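Just so it is clear, the structure is predicted and the values come from calculations on it, not from any experiment.
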Amino acid sequence: MAPAVVGYYEPWWMQVIKAIVIFAVALQLVPLVLIGERKLLGRFQSRYGPNRVGPFGLLQPMADIVKLLTKEQFRPATSVGMLFAIAPVISILTAAAAFALIPFGDVQDIFGTKVGLYGVDVSIGPLYLFAFGAVAFYGIMLGGWSSGSKYSFLGAMRGAAQLISYEVSQGLALLGVIFTAQTLSLTGIVHAQEGMWYLIPQFAGFVIFLIAGFAETNRAPFDLTEADAELVGGYNTEFGGGRFASYYFAEYLNVLVVSGIVTTVFLGGWLLPFGIDPPGWVDPFVVLFKMSIITFLFMWVRATLPRLRYDQLMSLGWKVLLPLATLNALVTAVVVVVSH
């Protein structure tokens, strides 16, 4: 496997092209995940799923998107207008910014220009990720508070508590990987896995990070921010049309982000097993294939597990995942120090 290219320079126009490509890829992947989930849920639950719009129902996501975007925009009379409009935008922007962090390949030579197959490779990759995750918290809080509804606000508070609780365990689960790789660069973490993917030595961290990822993305069985049986519809109760579509889009984009980060830090990123070294253009397809496996797991769990009670959710986060993540980080630190 070729070593990482250090000190190369990308022209500004290449960075603009990469930004456009990344957003275009995200826009294409979300409808694919939507139709894939609805088809799989149908199979899991012994029903057909979407099969009317387009061949085999494949145009159903486009029909849903057009329906939502062409609906009349409205807001409650008691809402705070500007914040009500900004809240969904915050959720989408933070999700897209986190998606740009996922490395789909190493630095490649494209028409004589050195190009990294990722949006940005910052030297503080996980910190960058959690910084945008912290900002995404405001998308939920402002959405609930600006609605002018006490039920939406209660749903937002519950969602915020859930995000904060599981973000701690998620961060600690990554410490074991960082200690082992000795770098905060996500491309550096991928290169550090050339001998062995961190899924094996950091299996406990992988499980903890994945469970916390389910909670961070508000996916079943942790979808209590939208528990319609208890708090109407959660923080997005008063949103409709394009604004509701924005929250919906951000949720599925965050699923892809978590799948991409899991692929990068635990599944070797673009690396193939057994020392197989394909051409550089294969790297993005390897990453997308691994991401699709994790995304399928999200769908499988949604079809299988019932929603937790809120006290169960908090107990799992603080009494189980947090001690395990802390223990995993401590054991990894001791092993790294002793082995060096």
Side-chain angles (χ1 to χ4, degrees), residues 26 29-34 36-38 40-41 87-88 90-102 126 128-141 143-144 155-156 158-171 173-174 206-228 233-236 239 244-267 290-308 310 313-314 316-317 321 325:
L29 287 178
V30 169
L32 289 176
V33 173
L34 276 170
E37 178 170 58
R38 296 180 68 176
L40 283 169
L41 288 177
I90 293 175
S91 293
I92 279 195
L93 289 180
T94 53
F99 189 80
L101 192 64
I102 300 171
Y128 174 102
L129 177 70
F130 284 108
F132 277 101
V135 176
F137 154 86
Y138 290 100
I140 291 178
M141 278 300 296
R158 179 154 71 172
Q162 177 176 321
L163 288 178
I164 293 170
S165 300
Y166 281 83
E167 201 169 42
V168 177
S169 300
Q170 200 172 37
L174 282 182
F206 166 75
V207 173
I208 294 166
F209 187 90
L210 195 58
I211 294 174
F214 279 91
E216 288 285 299
T217 52
N218 302 324
R219 297 282 299 182
F222 303 102
D223 54 340
L224 283 107
T225 56
E226 300 165 10
D228 47 357
Y235 62 91
N236 56 13
F239 288 87
F244 175 79
S246 299
Y247 274 126
Y248 206 56
F249 178 87
E251 176 181 321
Y252 279 89
L253 187 54
N254 279 321
V255 169
L256 290 170
V257 168
V258 171
S259 301
I261 297 300
V262 168
T263 295
T264 301
V265 300
F266 294 107
L267 301 181
K290 293 179 182 179
M291 286 175 61
S292 66
I293 295 174
I294 303 299
T295 304
F296 170 76
L297 186 60
F298 273 86
M299 302 170 187
W300 190 358
V301 169
R302 179 179 178 181
T304 306
L305 298 180
R307 180 181 291 153
L308 298 176
Y310 198 69
L313 178 141
M314 283 298 174
L316 177 64
L321 292 187

Ring pair (Phe, Tyr, Trp, His ring centres under 6.0 Å) against Phe132, all qualifying residues, sequence neighbours excluded
Tyr128

Where at least one partner belongs to residues 251-266, residue pairs that pass salt bridge (Lys or Arg N to Asp or Glu O under 4.0 Å), sequence neighbours excluded:
Arg219-Glu251

Suppose we screen for side-chain contact (heavy atoms from CB on, under 4.5 Å). Which residues come up paired with Ala136, at least two apart in sequence or across chains?
Thr94

Ala131: what forms a side-chain contact (heavy atoms from CB on, under 4.5 Å) with it, not counting sequence neighbours?
none

For Ser259, which residues count as a side-chain hydrogen bond (donor to acceptor under 3.5 Å, both in side chains) partner, sequence neighbours excluded?
Thr295

Salt bridge (Lys or Arg N to Asp or Glu O under 4.0 Å) partners of Arg302, counting only residues at least two apart
Glu37

Ring centers of Tyr166, Phe222 separated by less than 6.0 Å:
yes

Do the numbers put Arg158 on top of the ring of Tyr310, so that NZ or CZ is under 6.0 Å from the six-membered ring centre and no more than 45° off the axis?
yes

Across all chains, not counting sequence neighbours, the side-chain contact (heavy atoms from CB on, under 4.5 Å) partners of Ala100 are Ile22

Angle between ring planes, Phe209 versus Phe266, binned at 30° and 60°: parallel, tilted or perpendicular?
tilted

Sequence neighbours excluded, which residues qualify as side-chain contact (heavy atoms from CB on, under 4.5 Å) partners of Ile92?
Ser246, Phe249, Ala250

Suppose we screen for ring pair (Phe, Tyr, Trp, His ring centres under 6.0 Å). Which residues come up paired with Phe130, at least two apart in sequence or across chains?
none

Partners passing ring pair (Phe, Tyr, Trp, His ring centres under 6.0 Å) against Phe244 (at least two apart in sequence or in another chain):
Tyr248

Results of side-chain hydrogen bond (donor to acceptor under 3.5 Å, both in side chains) for Ser292 - residues two or more places apart only
none

